[in-house]
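Naming: A, B, ... by sequence-line order, numbering from 1 per chain.
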Number of protein chains: 2
Amino acid sequence: MNRRLTPRGRERRRQLMDYAIERFAENGYHPTSVAEIVQGLGVGKGVFYWYFKSKEELFLEILRETQLDLRRAQQQAIEGVDDPVKRIEIGIRTTMRWSSEHAHLNRLVQFAATEERFLPALRKGQDVAIRDAMRHVKEGIERGEIRDTDPDYIAHAILGITAQLARVFLHERGQPWEQVADAAVTLVLDGILATDRSPVG
Amino acid sequence: MNRRLTPRGRERRRQLMDYAIERFAENGYHPTSVAEIVQGLGVGKGVFYWYFKSKEELFLEILRETQLDLRRAQQQAIEGVDDPVKRIEIGIRTTMRWSSEHAHLNRLVQFAATEERFLPALRKGQDVAIRDAMRHVKEGIERGEIRDTDPDYIAHAILGITAQLARVFLHERGQPWEQVADAAVTLVLDGILATDRSPVG
DNA sequence: TCAATTCTTGACCGATTGGTCAAGTGTGTT
DNA sequence: AACACACTTGACCAATCGGTCAAGAATTGA
């Protein structure tokens with residue numbers, strides 16, 4: 001669906017995506033019909049199919065954009081930072097902040113994981129995120145700053161804690177992202193056991 | 001939908017639930033129609049609505065059963081264990097094992113989180129899990145074995161790592177649960193930083 | 001001004017959905 | 001045998017779904 005779009009066309013397309021994101025996140029992908037989307041914008045049904053060749057393609061487009069956007073935020077944030085552990089920390093904080101500013105998109109990513117047809121696209125983006133994290137982890141291991149365990153496991157543990165804390169404390173309980181990020185960083189770096197490495201706050 | 005069921009009736013009900021679990025997990029909740037479920041079992045449509053008053057109620061029933069079953073496994077496993085840290089470790093290992101033996105149910109729980117109508121039921125079960133974990137965490141803090149941070153955060157971090165590693169390494173990559181559990185326990189307890197507390201394996 | 005192109009309309013389509021129900025059959029009890 | 005009740009059938013229903021398309025409106029570039 002590569003159409004030549006005028007500025008007006010691009011704006012329409014954005015409207016459709018933004019409204020679809022809202023409805024998909026709040027009501028679910030399947031329960032939200034194309035009819036509902038176009039009605040919500042007060043336009044005819046043909047408009048939808050002018051910009052997207054199917055409902056499924058719209059969702060995939062949202063998914064792509066989401067993953068790209070988060071990654072851009074990450075890369076921009078860690079630019080010029082040398083220490084790999086510091087890069088991991090910044091990555092966690094950036095994710096937390098981005099996540100708090102894009103609550104709807106979180107839900108959509110989670111849904112994508114539950115339907116076979118969206119899994120390939122989802123994995124593609126997640127693999128990128130994991131590879132990014134693994135790069136820092138490996139470097140940290142070489143420097144002796146990170147425990148010498150399979151970097152793959154470590155990378156997933158980082159993303160796991162971050163995603164879970166984001167979901168619960170940001171989106172369910174509405175806590176400020178800075179606070180949640182602090183907790184995530186501590187738990188990722190030092191685990192839950194009492195220790196004298198990082199004094200209790 | 002409280003019917004008096006004969007043994008035959010109970011068996012039918014189980015068949016319906018088991019087959020629905022399989023199809024929901026592999027094909028998605030919405031894309032799996034009631035017609036498909038009864039066809040797969042070779043029975044008429046009325047059978048479905050004899051045992052469940054709607055498709056939604058069937059799903060909620062599956063969700064309840066799932067959460068109950070995992071919790072029972074947990075409680076049985078930690079029975080008689082004194083040390084709270086040890087109880088947490090056993091909890092992680094039990095979850096990992098249970099998760100590897102019930103891959104389908106994992107998917108369903110994940111889906112439930114993406115649709116408003118299933119969230120209340122889902123939360124109820126998860127709150128129980130969190131409270132269980134928090135009890136051990138609090139006791140660990142009192143004993144000075146666990147860092148003095150909000151037990152709520154710690155409990156979620158534990159579940160976050162466990163869920164993420166289970167999803168990726170068990171279900172996507174088919175690794176043995178014992179191995180994944182080892183990694184999860186280490187990362188939960190000690191974090192990712194290099195340390196002399198737990199020697200590198 | 002005029003033609004090309006982008007954009008919009010909304011009636012329409014076949015397929016499918018979750019759910020109902022009148023009419024049965026199977027089974028156990030008395 | 002006869003009755004009650006658990007169970008099963010499958011045609012049927014209104015509603016809704018994702019998607020199409022001929023027709024026309026609005027913009028654009030020459």
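Aromatic pair A:F111/A:F59: ring centres closer than 6.0 Å.
A straight line from CZ of B:R4 to P of C:dG28 spans 14 Å, rounded to a whole angstrom. For the pair A:Y49 OH and C:dT9 C1', the computed distance is 15 Å after rounding to whole Å. Counting to the nearest Å, the P atom of C:dG24 and the CH2 atom of B:W50 are 17 Å from each other. When the C1' atom of C:dG18 is taken as reference, atom CD of B:Q39 falls 14 Å away, rounded to whole Å.
In terms of heavy atoms, A:N106 sits closest to A:S99 at ND2-OG, 3.0 Å.
Residue A:K45 is in base contact, counting any heavy-atom pair closer than 4.0 Å across all strands shown. Residue contacts for B:V43: at a heavy-atom cut-off of 4.0 Å it reaches the sugar-phosphate backbone alone, with no base atom in range. Here B:V34 lies in heavy-atom contact (under 4.0 Å) with sugar-phosphate atoms only. At the heavy-atom level, B:F48 lies nowhere under 4.0 Å from the strands shown. Residue contacts for B:Y51: at a heavy-atom cut-off of 4.0 Å it reaches the sugar-phosphate backbone alone, with no base atom in range.
For the 3.5 Å distance criterion, the side chains of A:Y153 and B:Q175 qualify, holding a donor opposite an acceptor.
In the region residues 5-20 of chain A, proximity to DNA chain C at under 4.0 angstrom, judged on heavy atoms, holds for A:L5, A:T6, A:R8, A:G9, A:R12.
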Original post:
Can you check side chain to side chain donor-acceptor pair (under 3.5 Å) on A:Q74 and A:R71, steps first, answer last?
Top reply: CA-CA 5 Å; A:Q74 302 270 23; A:R71 188 172 191 225; over 6 Å; no
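With respect to A:D18 and A:R14, a salt bridge is recorded, a charged nitrogen being found less than 4.0 Å from a carboxylate O. Checked for salt-bridge contact, A:E11 and A:R8 miss the test: no charged N lies under 4.0 Å from a carboxylate O. Look at B:K138 and B:E142 and you find no salt bridge, because none of the NZ, NE, NH1 or NH2 atoms lies under 4.0 Å from a carboxylate O.
By the 4.5 Å heavy-atom criterion applied to side chains, B:V34 and B:L58 are not counted as neighbours.
Between A:H102 and A:W98, the two ring planes are parallel [angle under 30°; tilted spans 30° to 60°].
The outermost nucleotides of DNA chain D lying under 4.0 Å from heavy atoms of chain B, listed 5' to 3', are D:dA6 to D:dG10.
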